[in-house]
2 protein chains.
Amino acid sequence: MTYSIAQAAERSGLSIDTLRYYERIGLVDPPARDSGGRRSYSDEDLSWLEFLTKLRTTGMPIRLMREYAQLRHKGLATAGRRKQLLYDHRTDVRQRIAELQACLAILDYKITNYADIEAKMAGESLVQEVSA
Amino acid sequence: MTYSIAQAAERSGLSIDTLRYYERIGLVDPPARDSGGRRSYSDEDLSWLEFLTKLRTTGMPIRLMREYAQLRHKGLATAGRRKQLLYDHRTDVRQRIAELQACLAILDYKITNYADIEAKMAGESLVQEVSA
DNA sequence: GCTTGACCTGGAGCGCACTCCAGCTTCTAC
DNA sequence: GTAGAAGCTGGAGTGCGCTCCAGGTCAAGC
C-alpha cells in the first residue's frame, strides 16, 4: 500500500506541513515519488511516523529523534546506542509521569477545597432562605 | 518572613527573570518593595508561586494560569469558576498521564527488542569464539 | 568616598516546533 | 482544453515561554 501526503497526514495525525518539515530536517527519509513527482508513503514510512509521534508525545526533543533516526541508518551496529537512547528516554518519561501524579494530588486537594467552599456557601444561602 | 528576588527564585525553582516576567504578565501580584525599591516576597507570595509551578509543570498554558490568578482577585464569588478551571485541567492531566503510560509500554517493548538483539549478537560472537 | 554586587527597568532576542505563503506544476473530471 | 484540486519548493512568519542585555540605582564593606 502507498499513501499520498494527505493520507499519510491523516493516518499519522501530523499535518502535511509537518510531514514535509520532518523530511527537511532529516527525521524521516524522503519517501518514494509517483510519476508526477508527488510523495508516496509506504506502510513502512507510516510505521516510522507512528513511532516518531510516540517519541514526540513523550516529549523527546527533535534533536534526539534525529539522532535516533540517523543511528537507524547505520544498521545493527548502532543497536546498543539506540537502546540506550530509548532507555534514557524511558527514565525521563517515568519521572515525568511521577511528577504529573504528584501535581494531580495537589489538584485533587484544591478541587476538594473548592467543593467544600461551595457546600458551605450553599448551606449558608439555605440558612438565609429558611430564616427569611 | 520576607525574601529577596534571589531567594524567591531559589525557593520556587524559577529564575529571577522568570519571576519578573510573571509579574509583568500578571501571573503574580507585584510584591512589596523594601526601602531601596527592591522586591520583597512574602511567604504568601511563595505559596502562590509554588502552586503556579504545579500548574506549569502539568502544562497549563500561561493564558489559563492568568485567568485563574485574576479570578482569585475577585474573591469567593469566583470560586465556582476557579474550581471548574482546575477540574478541567485535572481531566487534561489525567489524559496526559494515560497517554504517557501508553507510550511507555511501547518504549518497553522496543527496549526489550533491542535487548534481545544484543543477546543474540553476543551469542553469535560467542559461537565465533568457540568455533575459532 | 569608592568599589562591588545585588537589583532595577524597558525592551530586544532566542529556541523550539511547527505553520503559512507565493508562485508554480500536475492530475482529474468535465 | 480548461477549471479546480492537490501537491511541489524555498523561504518567511508565528506563538510560546522564557532569557538576555544595556544602562542605571542602591546599600554595604573597606
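Reminder, nothing fancy here: chain letters follow the sequence lines and each chain counts from 1. Note: hydrogens, waters and symmetry copies are ignored here, and every other heavy atom, side chains too, is used. Not measured: the values here are computed from a predicted model.
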Find the distance [X]:[atom1] to [N]:[atom2] and express it as a whole number of Å.
| X | N | atom1 | atom2 | value |
| --- | --- | --- | --- | --- |
| B/Tyr41 | C/dC7 | OH | P | 10 Å |
| B/Ile25 | D/dC16 | CD1 | P | 11 Å |
| B/Leu14 | D/dC18 | CG | P | 8 Å |
| A/Arg24 | C/dA17 | CZ | C1' | 12 Å |
| A/Gln7 | D/dA6 | CD | C1' | 12 Å |
| B/Leu55 | D/dC16 | CG | C1' | 17 Å |
| B/Arg20 | C/dC7 | CZ | C1' | 6 Å |
| A/Ile5 | D/dA6 | CD1 | P | 13 Å |

Shortest non-hydrogen pair, B/Trp48 vs B/Leu27, comes out as NE1-O, 2.8 Å

State which of [options] makes the closest approach to the side chain of [X].
| X | options | value |
| --- | --- | --- |
| A/Arg56 | C/dC7, C/dC18, D/dG7 | C/dC18 |
| A/Asp17 | D/dC20, C/dA17, C/dC21 | C/dC21 |
| A/Tyr21 | C/dT19, D/dG7, D/dC18 | C/dT19 |

When you check the phosphate oxygens OP1 and OP2 of [N], does a side-chain N or O of [X] lie under 4.0 Å from one of them?
| X | N | answer |
| --- | --- | --- |
| B/Thr18 | D/dT19 | yes |
| B/Arg39 | C/dA6 | no |
| A/Ser35 | C/dC27 | yes |
| A/Tyr22 | C/dC18 | yes |

So does A/Glu124 have more than 12 non-hydrogen atoms from other groups sitting under 6.0 Å from CD? yes

Determine the contact category for A/Arg33: base if any of its heavy atoms lies under 4.0 Å from a base atom, sugar-phosphate if only primed atoms, P, OP1 or OP2 are that close, otherwise nothing. sugar-phosphate

Atom CZ in B/Arg82, atom CD1 in A/Ile111: separation rounded to 0.5 Å? 13.0 Å

Between A/Gly37 and B/Ala6, whichever has its closest DNA chain C nucleotide further toward 5' is B/Ala6

Looking at B/Arg96 and B/Glu99, is any side-chain nitrogen of the basic one under 4.0 Å from a carboxylate oxygen of the acidic one? yes

For B/Arg11, is there an ion pair with B/Glu50 - N to carboxylate O distance below 4.0 angstrom? no

Polar pair under 3.5 Å, donor/acceptor by atom type, side chain B/Arg38, base D/dC26: yes

Assuming nearest nucleotide by heavy-atom distance, tell me which of B/Met65 and B/Asp34 is located more 5' along DNA chain D. B/Met65

